[in-house]
2 protein chains.
Amino acid sequence: MPPSGSSSRRATVHDVAAAAGVSRGTVSRVINGGYVSPRARAAIEAAIAEVGYVPNTAARNLVTQRSQAVGFVVLEPHVLFLEDPNIGAIMLGANATLSDADYQMVNLVVDSERDTQRVSRYLSGGFVDGVIIVSARTHDPIIRVLAQVGIPAAFVGHPRDLDRGIPFVGIDNTGSARLITERLMATGRRRIGMIAAAVDRDSGADRVDGFRAALGPRFDPDLVAEVPLYDYSWGAKGMRSLLEREPAIDGVFAGSDALAAGALEVLREAGLSVPRDVGVVGFDDSAWAVRTQPQLSTIHQPAAKLGAQAADLVLRQLRGEPYASEGILLPTPIVWRGSA
Amino acid sequence: MPPSGSSSRRATVHDVAAAAGVSRGTVSRVINGGYVSPRARAAIEAAIAEVGYVPNTAARNLVTQRSQAVGFVVLEPHVLFLEDPNIGAIMLGANATLSDADYQMVNLVVDSERDTQRVSRYLSGGFVDGVIIVSARTHDPIIRVLAQVGIPAAFVGHPRDLDRGIPFVGIDNTGSARLITERLMATGRRRIGMIAAAVDRDSGADRVDGFRAALGPRFDPDLVAEVPLYDYSWGAKGMRSLLEREPAIDGVFAGSDALAAGALEVLREAGLSVPRDVGVVGFDDSAWAVRTQPQLSTIHQPAAKLGAQAADLVLRQLRGEPYASEGILLPTPIVWRGSA
DNA sequence: TTGTACGCGTTATCAT
DNA sequence: ATGATAACGCGTACAA
């Protein structure tokens with residue numbers, strides 16, 4: 001019969017020391033690395049296995065003043081959180097980098113006012129050594145909290161009112177929107193509309209800016225259909241609205257691939273052929289892009305890399321290494337497929 | 001000029017006590033609730049604001065022996081994690097319940113062998129008071145870890161080798177697969193195939209079982225196309241394979257809506273009309289179901305409720321309340337739309 | 001009502 | 001190489 005003791009109290013360093021016939025200090029040294037005789041090491045390792053010892057992280061955190069954990073906070077409203085194909089990839093990218101550095105990524109979901117407060121407490125409570133924030137809006141309260149706590153942080157995307165010194169990693173939304181719109185114009189389209197989602201966020205607003213810049217004097221504010229979410233069905237609604245406003249439309253820039261997919265559906269229903277009658281381009285290069293018929297011409301967003309870079313930014317601060325305190329912009333190549 | 005002191009050391013109870021002219025004990029009492037004079041309370045609250053005090057969670061955890069946090073561990077391979085529409089909903093459902101009880105949900109992603117070990121350490125380290133595990137496989141190492149640590153847990157889905165006493169919440173995969181297959185048969189289909197994903201997981205295998213049970217003697221193992229992932233493109237591949245094996249196929253049960261969506265695409269390419277030539281049913285009642293043309297007849301999976309119930313199961317254990325230790329099965333109504 | 005003092009489980013410093 | 005011992009910041013009996 002094994003020692004089990006399943007319901008009794010957890011074993012501590014003290015117990016291990018007693019079982020191995022050494023002092024707590026020596027036990028601590030074999031756990032954290034240090035000079036210890038082979039003889040003692042063997043005895044202690046046996047004792048650890050025997051009593052089933054596992055270190056208490058709270059105690060360790062308290063004395064070392066760190067947690068080996070980094071928070072990953074997503075501030076999207078939950079509908080978006082579920083839909084957005086980028087979030088998951090960003091998360092996985094960040095986790096890979098953090099994992100390599102032996103940090104635990106702790107994912108915090110903010111889904112209510114109450115959540116906001118609890119997460120703030122969590123971040124300030126020494127639970128994490130650093131934090132990655134995804135899709136904060138300008139004037140987001142979290143930015144104040146962060147500044148107060150002074151915890152190493154990095155943003156994915158860059159709210160305009162970000163304090164100097166808090167770095168971000170993002171993409172050039174304005175530039176890439178402009179580029180792909182220009183590319184679309186180069187195919188000879190004359191009446192180009194845009195389906196714009198989440199224009200209350202910086203990324204959304206920037207994409208509209210890029211679109212406008214590309215069109216220049218030919219820009220017609222009436223051909224921008226604003227919808228709340230980056231979502232298939234809103235893409236459809238946006239497209240319908242565009243078609244109503246301008247039946248002769250022959251080009252569409254959708255703020256995301258999901259929007260573009262919805263637009264494609266409506267175009268098909270309307271008997272319009274893509275790309276013959278209407279050219280459509282998207283944004284993200286997500287799974288949507290290769291699922292539609294025809295496949296989408298779009299802008300590649302390096303989601304995993306965004307996460308990895310953000311993690312790296314936090315790790316550098318943690319280690320006191322130099323980092324790009326003004327932020328990093330990652331390249332966003334155009335991927336040209338069949339939809340335009 | 002505010003006290004700022006941004007780069008100096010964090011304020012402690014000690015500092016607050018000094019600033020308010022009381023003892024540390026009294027400060028602690030106003031924070032955690034207890035008898036304290038209005039006069040002292042006012043002074044202390046002022047002092048807290050003044051020095052910018054925020055409690056150190058590690059210290060508190062150490063002394064109270066709990067963390068007010070519950071882990072949420074997803075064991076899916078990451079491709080699936082990104083694709084699966086249920087995971088997100090389960091997570092949000094769990095978070096809502098946890099949040100109401102003032103617990104912080106901590107999301108842990110397992111994406112490598114190294115992650116597995118680190119997460120195990122994390123769970124055993126007192127970081128969380130309980131844990132919700134999503135989509136563990138039978139013989140998953142995490143089950144052993146959990147049994148050892150003896151931390152309150154709940155599974156979403158139920159690995160067959162789950163220890164008694166560790167509760168789960170899930171759905172009756174076998175029963176609902178059987179039911180919807182029977183419903184499909186009732187529309188007069190004679191050659192019905194299945195696209196089965198992830199049959200190495202209990203949920204996947206159970207759905208095949210239900211399919212087989214419904215068909216009874218008419219079951220033809222050659223009409224089950226196994227694919228690895230619950231994913232649109234694998235649905236397409238599965239459908240192609242089915243069509244090859246049996247060109248006269250007139251009914252398809254897809255193990256998920258995403259698979260069904262892929263199948264629909266292939267059917268359309270093949271010039272087959274749905275539901276006239278072929279009836280198709282899915283599983284999940286996810287966003288996919290209303291995005292296809294025609295919309296999918298499918299089984300509703302109460303994802304958010306699964307998460308909420310799992311959270312409740314953990315909370316009950318935490319509070320020493322009685323709970324369904326044998327597990328809970330949630331109802332899965334059939335949603336009949338146009339695809340069959 | 002308030003203050004004192006002990007302990008939570010570790011790591012780190014200092015002798016030995 | 002190892003063993004004492006002092007923190008780490010907080011909650012809480014217990015005494016006052």
Side-chain angles (χ1 to χ4, degrees), chain A residues 8-45 47-48 51-69 102 121-122 124-129 149 151, chain B residues 8-45 47-48 51-69 121-129 149 151:
Chain A
S8 76
R9 124 197 169 301
R10 289 244 314 256
T12 74
V13 168
H14 191 85
D15 304 323
V16 176
V22 297
S23 79
R24 301 191 317 230
T26 310
V27 173
S28 182
R29 269 182 290 265
V30 6
I31 294 170
N32 301 302
Y35 296 128
V36 55
S37 68
R39 201 183 165 315
R41 176 177 299 274
I44 290 169
E45 276 166 355
I48 287 180
V51 303
Y53 168 76
V54 22
N56 179 314
T57 327
R60 172 180 290 174
N61 291 354
L62 181 57
V63 60
T64 60
Q65 307 282 36
R66 56 215 155 73
S67 62
Q68 290 289 344
D102 205 35
R121 260 170 27 217
Y122 194 91
S124 348
F127 256 105
V128 295
D129 299 336
V149 180
I151 183 178
Chain B
S8 76
R9 126 196 167 302
R10 290 241 314 257
T12 74
V13 169
H14 189 87
D15 304 323
V16 176
V22 296
S23 81
R24 302 192 315 227
T26 310
V27 174
S28 186
R29 269 183 289 265
V30 4
I31 294 170
N32 301 301
Y35 297 128
V36 56
S37 67
R39 199 183 166 312
R41 177 178 298 275
I44 290 168
E45 275 165 355
I48 286 180
V51 304
Y53 169 75
V54 23
N56 179 315
T57 327
R60 172 180 290 174
N61 291 353
L62 182 58
V63 59
T64 60
Q65 307 280 41
R66 55 214 157 70
S67 61
Q68 291 288 343
R121 262 173 22 220
Y122 194 89
L123 295 183
S124 344
F127 255 106
V128 295
D129 298 337
V149 180
I151 184 179

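Here is the naming used below: chain letters follow the sequence lines, and residue numbers restart at 1 for every chain. The figures that follow rest on heavy atoms only: side chains count, while hydrogens, waters and symmetry mates do not.
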For nucleotides 14-16 of chain C, tabulate all protein N/O to nucleotide N/O atom pairs closer than 3.5 Å, reporting atom names and distance.
none

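The interatomic distance linking B:Arg39 (CZ) with C:dG3 (C1') rounds to 16 Å, in whole Å.
Separation of atoms NE2 (A:His14) and OG (A:Ser23) is listed at 11.0 Å; rounding is to 0.5 Å. With rounding to the nearest 0.5 Å, the separation of CD1 in A:Ile44 from OG in A:Ser37 is 7.5 Å. For the atom pair OG1 of A:Thr26 and OH of A:Tyr35, the computed distance is 15.5 Å after rounding to the nearest 0.5 Å. B:Gln65 CD to B:Arg60 CZ: the interatomic distance, rounded to the nearest 0.5 Å, is 14.0 Å.
Backbone-only engagement by B:Thr26 is indicated by non-hydrogen atom pairs under 4.0 Å involving sugar-phosphate atoms exclusively.
Each end of the helix from C:dT1-D:dA16 to C:dT16-D:dA1 gets its own rotation axis from five pairs of C1' atoms, and the angle between them is 40° to the nearest 10 degrees.
Checking the phosphate oxygens (OP1, OP2) of C:dT11, a side-chain nitrogen or oxygen of A:Ser28 falls inside 4.0 Å.
In terms of heavy atoms, A:Ala20 sits closest to A:Ala47 at CB-CB, 3.8 Å. Among all heavy-atom pairs drawn from A:Ala59 and B:Leu62, the shortest one is CB-CD1, 3.6 Å.
For the side-chain contact (heavy atoms from CB on, under 4.5 Å) with A:Arg24, the lone residue among A:Val13, A:Thr12, A:Asp15, A:Val16 that qualifies is A:Val13.
Contact check of residues 58-68 of chain A against DNA chain C (heavy atom, cut-off under 4.0 Å) returns A:Ala59, A:Arg60, A:Val63, A:Thr64. Contacts between residues 15-25 of chain B and DNA chain D, defined by a heavy-atom separation under 4.0 Å, are made by B:Arg24, B:Gly25.
The salt bridge (Lys or Arg N to Asp or Glu O under 4.0 Å) search around A:Asp129 returns none, not counting sequence neighbours.
Bounding nucleotides for the chain A contact on DNA chain D, 5' to 3', at a heavy-atom distance below 4.0 Å, are D:dA1 to D:dG9.
Side-chain contact check for A:Arg66 versus A:Asn61: every heavy-atom pair is 4.5 Å or farther apart.
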**Study point:** Evaluation steps, side chain to side chain contact (heavy atoms under 4.5 Å, CB included), between B:Val27 and B:Tyr53
**Key:** CA-CA 11 Å; B:Val27 174; B:Tyr53 169 75; 5.6 Å; no

